[in-house]
Amino acid sequence: MLKDKTILIGISAGIAAYKICELVRMYKRAGAKVRVMMTPNSLHLVTKLTLESLSQNEVFVENFDIKEYKPEHISLCDEADIMVLAPATANTISKIANGICDNLLTSTVCAFNKPIIIAPAMNTNMWNNKFVQENLQKLADNNYHICNPECGFLACGTEGVGRLCELDTIYNKTVEILNENKKLAGKKIVISAGGTVEKIDPVRYISNFSSGKMGVALADAAYQMGAEVTLVSTFEAKKPYKVTKLQSAIEMEKEISQYNNNVDCIIMAAAVADYRVKDYSEQKMKKTSDDEIEIKLVKNPDILKKISAESNTTKIVGFCAESENLLENAKIKIKNKGCDYLIANDISRKDIGFSSDENEVYILDNNCNIEHFEKDSKINIAHKILEKIFE
Ligand code: C5P
């Protein structure tokens with residue numbers, strides 16, 4: 001999605017500056033060209049050389065580093081498709097909100113007429129400062145895209161709001177802004193992800209090896225294509241869209257069912273356990289002298305089958321993870337489940353599927369027409385799946 005795009009990163013002097021090294025790599029990995037400018041104070045926190053090595057480009061700091069025919073703040077503006085200020089300090093936020101141009105970074109922001117993302121990071125008291133909030137509001141009201149800081153452990157040793165948001169959030173925001181394919185704008189999509197957790201007692205559970213990566217890739221892709229996304233997952237995820245965390249198949253059934261016929265599409269990417277423990281033990285089960293114990297399992301509801309039967313207006317998409325006879329099993333499964341599309345992937349292959357960042361899938365519609373998506377990153381496969389479902 002970021003191939004051939006130029007991203008101009010502005011680093012100001014927050015301790016989170018070190019995290020931006022990884023953000024540069026994320027953009028580079030996605031094929032973007034990265035230019036970096038730093039405020040003079042940020043050089044105390046992370047070196048120019050580090051960012052030059054990672055971005056594979058010269059890093060600019062001073063207003064008068066003029067090398068070419070135009071002053072840098074103008075030539076970098078021309079070149080970049082988007083500017084990302086991260087971390088954005090209280091000082092830099094307040095200066096740019098008031099049109100101050102006292103270094104290369106603030107001058108560039110002043111001259112930049114394309115999208116700007118601001119990811120603030122600072123001490124909680126600074127974050128709560130009335131003037132900082134007023135300045136940030138002013139920027140938000142003027143179409144700057146703000147990635148709000150999160151609550152957590154701060155470098156100053158305290159716990160509170162002010163920690164730089166997840167890099168993933170900044171990355172997703174960038175793709176969402178630059179992605180001209182807003183095919184899913186106005187669509188509501190719910191995606192389940194992860195393996196359900198079926199508790200045995202307060203400390204033990206039955207689950208599976210699903211990493212949830214394909215579900216998250218679908219949710220990211222749908223968000224990047226402009227959809228209103230809800231991710232229903234069995235793990236914690238900080239995302240720029242709604243995430244509901246739960247554990248068991250029963251909880252997932254309740255959560256997912258409420259969206260049926262109220263959203264445009266539900267994608268069941270979660271690996272829902274087929275069985276749950278019959279008698280959950282409120283107390284931790286004790287080891288006994290027996291060499292064997294028995295735990296009785298009862299069948300979980302088949303959420304995909306149920307929502308497919310009850311859906312009138314929502315497109316329902318299921319997944320089929322098979323270790324043998326992939327397409328034969330997939331054809332039987334789509335009939336049995338009654339869903340609109342089924343994504344089949346081969347989990348016997350080590351290079352794709354579980355925990356991998358890549359996948360290779362077949363997509364079947366309810367007439368058993370089959371399309372093959374060759375091995376690719378899960379995010380690219382996710383885009384192709386969504387394109388197909390909403391073609
Ligand atoms: O039957 P099987 O587990 O192979 O089907 C996989 C598909 O069905 C996935 O989309 C999964 O999310 C969904 N599923 C479900 N409820 C279950 C088991 C699987 O919705 N109890």
Side-chain angles (χ1 to χ4, degrees), residues 151-152 189-219 229-239 241-263 265-311 314 316-323 329 332-334 336-339 342-343 345 347-348 353-356:
C151 191
I189 303 188
V190 175
I191 297 158
S192 70
T196 61
V197 171
E198 309 298 334
K199 285 161 81 175
I200 299 170
D201 68 13
V203 293
R204 303 179 181 98
Y205 62 86
I206 297 173
S207 191
N208 56 64
F209 291 118
S210 168
S211 64
K213 284 185 178 176
M214 194 62 231
V216 170
L218 280 160
V229 177
T230 302
L231 177 71
V232 177
S233 79
T234 57
F235 49 86
E236 215 70 69
K238 284 183 180 145
K239 290 288 175 184
Y241 43 80
K242 185 178 167 198
V243 180
T244 305
K245 183 182 175 259
L246 43 70
Q247 287 189 316
S248 67
I250 295 287
E251 287 167 349
M252 191 170 278
E253 181 196 14
K254 192 164 166 237
E255 183 65 24
I256 293 286
S257 296
Q258 65 171 347
Y259 292 108
N260 204 8
N261 294 315
N262 292 318
V263 296
C265 179
I266 298 176
I267 305 180
M268 284 297 298
V272 183
D274 293 325
Y275 295 90
R276 68 178 178 279
V277 175
K278 184 163 182 250
D279 299 307
Y280 170 74
S281 165
E282 295 288 347
Q283 304 303 329
K284 184 182 170 197
M285 287 166 69
K286 293 266 174 272
K287 184 154 62 183
T288 66
S289 55
D290 298 338
D291 285 342
E292 288 183 4
I293 60 160
E294 274 184 15
I295 296 173
K296 260 223 164 78
L297 303 177
V298 287
K299 211 164 202 168
N300 267 330
D302 190 323
I303 308 169
L304 181 61
K305 197 166 177 170
K306 174 176 174 270
I307 59 171
S308 297
E310 291 171 356
S311 166
T314 301
I316 308 287
V317 184
F319 267 75
C320 157
E322 298 290 339
S323 55
N329 284 327
I332 297 167
K333 191 157 289 180
I334 193 165
N336 169 34
K337 301 275 189 180
C339 53
L342 191 76
I343 320 295
N345 58 312
I347 53 161
S348 67
F354 282 158
S355 297
S356 163

**Prompt:** Are Lys199 and Val277 close enough that some pair of their side-chain heavy atoms sits under 4.5 Å apart?
**Reply:** no
**Message:** I want to check something: taking the side chain as every heavy atom from C-beta on, are Ile307 and Met268 in contact at a cut-off of under 4.5 Å?
**Reply:** yes
**Asked** Any donor and acceptor pair, going by atom type alone, linking the side chain of Thr314 with main-chain N or O of Val263 inside 3.5 Å?
**Response** yes
**Request:** Check whether any side-chain heavy atom of Ser323 lies under 4.5 Å from a side-chain heavy atom of Ile347, and answer yes or no.
**Result:** yes
**Item:** Closest contact, heavy atoms only, Asn261 versus Glu310
**Value:** ND2-O, 3.0 Å
**Item:** For Lys284 against Pro202, the heavy-atom pair lying closest together
**Value:** N-CD, 3.8 Å
**Request:** Indicate yes or no: at least one non-hydrogen side-chain atom of Ile316 is less than 4.5 angstrom from one of Asn260.
**Result:** yes
**Request:** Determine, stepwise, if the pair Cys339 / Ile334 fulfils side chain to side chain contact (heavy atoms under 4.5 Å, CB included).
**Result:** CA-CA 6 Å; Cys339 53; Ile334 193 165; 4.1 Å; yes
**Prompt:** Okay, side chain of Thr234, backbone of Gln247: is any donor-acceptor separation there less than 3.5 Å?
**Reply:** no
**Asked** Going through the checks in order, is the side chain to side chain contact (heavy atoms under 4.5 Å, CB included) test met by Tyr275 and Lys299?
**Response** CA-CA 4 Å; Tyr275 295 90; Lys299 211 164 202 168; 4.1 Å; yes
**Message:** Once rounded to the nearest 0.5 Å, what's the spacing between atom CD of Glu322 and atom CG of Asn345?
**Reply:** 9.5 Å
**Message:** Nearest 0.5 angstrom please: Asn262 CG to Ser311 OG, how far?
**Reply:** 10.5 Å
**Request:** Check whether any side-chain heavy atom of Ile189 lies under 4.5 Å from a side-chain heavy atom of Thr230, and answer yes or no.
**Result:** no
**Request:** Tell me, with the steps shown, if Asn300 and Ile250 meet side chain to side chain contact (heavy atoms under 4.5 Å, CB included).
**Result:** CA-CA 7 Å; Asn300 267 330; Ile250 295 287; 4.2 Å; yes
**Message:** Within the 4.5 Å heavy-atom criterion, are Ile267 and Phe319 side-chain neighbours or not?
**Reply:** yes
**Prompt:** How far apart are the closest heavy atoms of Ala219 and Leu231, and which atoms are they?
**Reply:** CB-CD1, 4.0 Å
**Message:** I'd like to know whether OH of Tyr259 has more than 12 heavy-atom contacts from other residues, nucleotides or ligands below 6.0 angstrom.
**Reply:** yes
**Asked** Any side-chain heavy atom of Pro301 within less than 4.5 Å of one from Lys254?
**Response** no
**Item:** Residue pair Met252 / Ser192, side-chain heavy-atom distance below 4.5 Å
**Value:** yes
**Request:** Could you check Tyr241 against Ile191 for side chain to side chain contact (heavy atoms under 4.5 Å, CB included), going step by step and ending with a plain yes or no?
**Result:** CA-CA 11 Å; Tyr241 43 80; Ile191 297 158; over 6 Å; no
**Message:** Using side chain to side chain donor-acceptor pair (under 3.5 Å), reason through Ser257 and Lys306 one step at a time and then give a plain yes or no.
**Reply:** CA-CA 9 Å; Ser257 296; Lys306 174 176 174 270; 2.9 Å; yes
